[in-house]
Amino acid sequence: MVDTKKVVIIGCGNVGMSYAYALLNQKTYVNELCLIDLNKERVEGEVMDLNHCLAFSPSTMKIEVGDYPCCKDADLIVIAAGANQKPGETRLDLLKKNASIFKGIIDNVMASGFNGIFMIATNPVDIMTYITQKYSGLPHHKVIGTGTSLDTARLRYLIGDKLKVDPANVHGYVIGEHGDSEFVPWSNVNVGLQKISDFLYEDDMKKIAEEVKNAAYEIINKKGATYYGIGMTLVKLTNAILGNEHAIAVVSNYDETNDVYVGLPAVLDGSGVSRKIFFDLNKEEEKKLQNSIDIIKENIKDLF
Ligand code: NAD
């Protein structure tokens with residue numbers, strides 16, 4: 001018998017469709033894909049277009065227009081529905097709009113009998129993940145946000161580009177809020193096995209961290225939205241979960257001490273977040289992480 005892995009995408013705009021297209025371009029564990037959006041006609045068009053890729057895709061997939069009942073037997077639901085940043089807007093500016101959209105979405109999903117894993121991409125992602133867990137009542141380890149995974153990919157690319165090293169061999173993370181208070185704990189960044197301080201001066205590190213933090217603003221100013229990077233990030237996280245890969249990623253996961261979801265490294269497998277990865281921060285980095293957590297906390301305090 002074929003082991004079917006079903007993914008439902010809710011929100012089929014730039015991000016949702018970049019993810020779907022990236023899935024089709026790789027060998028993945030997904031063999032059933034169901035698309036839901038308020039704009040039904042657009043989804044019909046997207047499904048037709050995606051199905052026309054299948055003859056050339058390395059994956060075998062059943063792709064269809066969905067509605068909430070199709071969430072019932074989904075292994076993974078990826079939510080990318082809601083408003084995106086307009087030029088000049090921060091991710092936190094989206095909170096009010098997206099929080100009210102999520103109430104309806106999560107209620108509908110849970111009414112289907114869904115008991116799989118949620119992966120949230122909608123911004124502000126740490127808070128939208130927290131909201132999803134509250135509304136769904138699912139255990140924390142089954143509700144995950146993309147966190148600072150994309151920011152980390154941007155960091156690895158920039159370091160790799162500067163040092164002429166494959167980004168796959170740059171090891172380090174952006175942590176904290178996926179937003180303006182995120183930061184790079186440089187004391188934990190390595191190229192191969194060598195410390196980053198053997199390669200970069202502090203000024204270079206500052207410049208790279210700023211570039212990472214401002215990447216979304218720059219892309220939005222130039223082309224209106226960011227989507228390919230997060231599309232690939234979502235595929236990586238999907239494979240980690242559906243392939244039971246035990247892969248480490250820096251996702252929004254639940255921090256019991258502070259009662260927030262925040263971007264920190266964790267092991268992902270078929271159960272969702274199977275465990276956290278602990279690592280040492282210096283005093284200054286600890287302060288930055290707490291500041292980031294406090295900003296997230298401040299923004300959720302009036303929601304529940
Ligand atoms: P978009 O406007 O292109 O798409 C949003 C889609 O959501 C639209 O198709 C819309 O019809 C749909 N939608 C709205 N309300 C809905 C509802 N109630 N039910 C179902 N569908 C609904 O926006 P986008 O560029 O795809 O961005 C989507 C989200 O992803 C934004 O919040 C954006 O900030 C976020 N994003 C996150 C990251 C990340 O790293 N996590 C990166 C890029 C974008």
Side-chain angles (χ1 to χ4, degrees), residues 91 124-126 129 140-141 144-216 229-230 232-234 236-237 239-241 245-258 260-269 272-297:
R91 295 178 178 100
V125 72
D126 304 289
T129 309
H140 289 103
H141 67 93
I144 307 165
T146 52
T148 40
S149 298
L150 171 57
D151 317 75
T152 295
R154 288 170 176 156
L155 173 73
R156 293 169 71 186
Y157 158 69
L158 287 171
I159 294 174
D161 190 48
K162 186 158 179 71
L163 303 182
K164 299 287 165 281
V165 167
D166 186 336
N169 300 122
V170 176
H171 308 291
Y173 302 108
V174 178
I175 62 170
E177 173 210 7
H178 172 57
D180 296 342
S181 67
E182 69 184 32
F183 69 100
V184 182
W186 288 102
S187 64
N188 286 276
V189 180
N190 293 290
V191 176
L193 288 176
Q194 221 172 328
K195 280 200 159 73
I196 191 73
S197 51
D198 292 346
F199 299 92
L200 295 179
Y201 294 111
E202 224 166 272
D203 276 359
D204 296 321
M205 295 183 205
K206 271 194 187 138
K207 200 165 155 253
I208 288 175
E210 279 304 299
E211 248 182 89
V212 168
K213 191 159 61 180
N214 294 327
I230 187 63
M232 287 290 278
T233 303
L234 283 164
K236 174 82 189 144
L237 301 177
N239 286 341
I241 293 167
E245 284 179 351
H246 305 279
I248 297 174
V250 61
V251 288
S252 301
N253 62 93
Y254 188 60
D255 167 3
E256 297 84 2
T257 314
N258 293 287
V260 289
Y261 270 83
V262 61
L264 285 169
V267 177
L268 298 182
D269 67 12
V273 167
S274 69
R275 65 191 156 94
K276 291 162 188 293
I277 294 292
F278 291 98
F279 58 106
D280 289 329
L281 294 175
N282 63 34
K283 283 271 167 296
E284 195 193 336
E285 291 164 351
E286 266 175 19
K287 256 198 200 156
K288 285 185 179 172
L289 180 58
Q290 193 56 53
N291 170 55
S292 205
I293 287 171
D294 290 345
I295 289 172
I296 299 172
K297 262 183 103 71

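Residue numbers start at 1 and run along the sequence shown.
- A donor-acceptor distance shorter than 3.5 angstrom exists from the side chain of D204 to the backbone of Y201, with no hydrogens or angles considered.
- Across every non-hydrogen atom of F279 and L281, the tightest pair is CE1-CD2, 3.4 Å.
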Check your understanding: Passes side-chain contact (heavy atoms from CB on, under 4.5 Å), L264 versus K276? Steps please.
Key -> CA-CA 8 Å; L264 285 169; K276 291 162 188 293; 5.8 Å; no
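- A 4.5 Å side-chain heavy-atom check between M205 and I196 finds at least one atom pair inside the cut-off.
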Review point. Would H178 and D126 count as a side-chain hydrogen bond (donor to acceptor under 3.5 Å, both in side chains) if you check the C-alpha gap in whole Å, the side-chain angles of each, and the deciding distance to 0.1 Å?
Key: CA-CA 7 Å; H178 172 57; D126 304 289; over 6 Å; no
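- Residues L234 and T146 form a side-chain contact, since some pair of their non-hydrogen atoms from C-beta on lies under 4.5 Å apart.
- The salt bridge (Lys or Arg N to Asp or Glu O under 4.0 Å) search around K236 returns none, not counting sequence neighbours.
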Please table the atom pairs, donor to acceptor, closer than 3.5 Å between any side-chain atom in residues 155-170 and protein atoms at least two apart or in another chain.
{"unit_1": "R156", "atom_1": "NE", "unit_2": "P167", "atom_2": "O", "d": "3.2"}
{"unit_1": "R156", "atom_1": "NE", "unit_2": "V170", "atom_2": "O", "d": "2.9"}
{"unit_1": "R156", "atom_1": "NH2", "unit_2": "P167", "atom_2": "O", "d": "3.4"}
{"unit_1": "R156", "atom_1": "NH2", "unit_2": "A168", "atom_2": "O", "d": "3.4"}
{"unit_1": "K164", "atom_1": "NZ", "unit_2": "D161", "atom_2": "O", "d": "2.6"}
{"unit_1": "D166", "atom_1": "OD1", "unit_2": "A168", "atom_2": "N", "d": "2.8"}

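- To the nearest 0.5 Å, atoms CD1 (I295) and CD (E177) are separated by 5.5 Å.
- L268 and A249 make their closest contact through CD1-CB, 4.1 Å (heavy atoms, listed as atom of the first residue, atom of the second, distance).
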In residues 186-194, what donor-acceptor pairs under 3.5 Å come from side-chain atoms, sequence neighbours left out?
{"unit_1": "S187", "atom_1": "OG", "unit_2": "E285", "atom_2": "OE1", "d": "2.7"}
{"unit_1": "S187", "atom_1": "OG", "unit_2": "E285", "atom_2": "OE2", "d": "3.1"}
{"unit_1": "N188", "atom_1": "ND2", "unit_2": "D280", "atom_2": "O", "d": "2.8"}
{"unit_1": "Q194", "atom_1": "NE2", "unit_2": "D198", "atom_2": "OD2", "d": "3.4"}

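- Evaluation of the side chain to side chain contact (heavy atoms under 4.5 Å, CB included) rule for T233 yields S149, L150, I230, L237 as partners, not counting sequence neighbours.
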Practice item. Kindly indicate, with the supporting measurements, whether the criterion side-chain contact (heavy atoms from CB on, under 4.5 Å) is fulfilled by F183 and I175. Key: CA-CA 6 Å; F183 69 100; I175 62 170; 3.6 Å; yes
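- Rounding to the nearest 0.5 Å places OG of S274 at 6.5 Å from NE2 of H246.
- Y254 pairs by the ring pair (Phe, Tyr, Trp, His ring centres under 6.0 Å) definition with H140, Y261, not counting sequence neighbours.
- In this structure the side chain of I241 reaches within 4.5 angstrom of the side chain of I144, judged on heavy atoms.
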Exercise for review: Please assess V184 against T152 for the test side-chain contact (heavy atoms from CB on, under 4.5 Å), listing each intermediate value before the final yes or no.
Suggested key: CA-CA 9 Å; V184 182; T152 295; over 6 Å; no
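- Nearest heavy atoms, V125 versus S252: CG1-OG, 4.1 Å.
- Heavy-atom contacts from other residues, nucleotides or ligands closer than 6.0 Å to CD of E202 number 12 or fewer.
- Here the side chains of I208 and L200 are in contact, with some heavy-atom distance below 4.5 Å.
- Between the CZ atom of R91 and the CD atom of E182 there is a distance of 6.0 Å, given to the nearest 0.5 Å.
- Applying the salt bridge (Lys or Arg N to Asp or Glu O under 4.0 Å) criterion to E210, with sequence neighbours excluded, gives K213.
- Judged purely by distance below 3.5 Å, without hydrogens or angles, the side chains of Q290 and D294 pair a donor atom with an acceptor atom.
- With 3.5 Å as the limit, one finds no donor-acceptor pair spanning the side chains of K297 and N258.
- Summarising the geometry of I248 relative to P265, their closest heavy-atom pair is CG2-CB, 4.1 Å, with the distance given to 0.1 Å.
- Contact between S181 and N291 at its shortest, heavy atoms only, is CB-ND2, 4.2 Å.
- Rounded to the nearest 0.5 angstrom, R154 CZ and T148 OG1 are separated by 11.5 Å.
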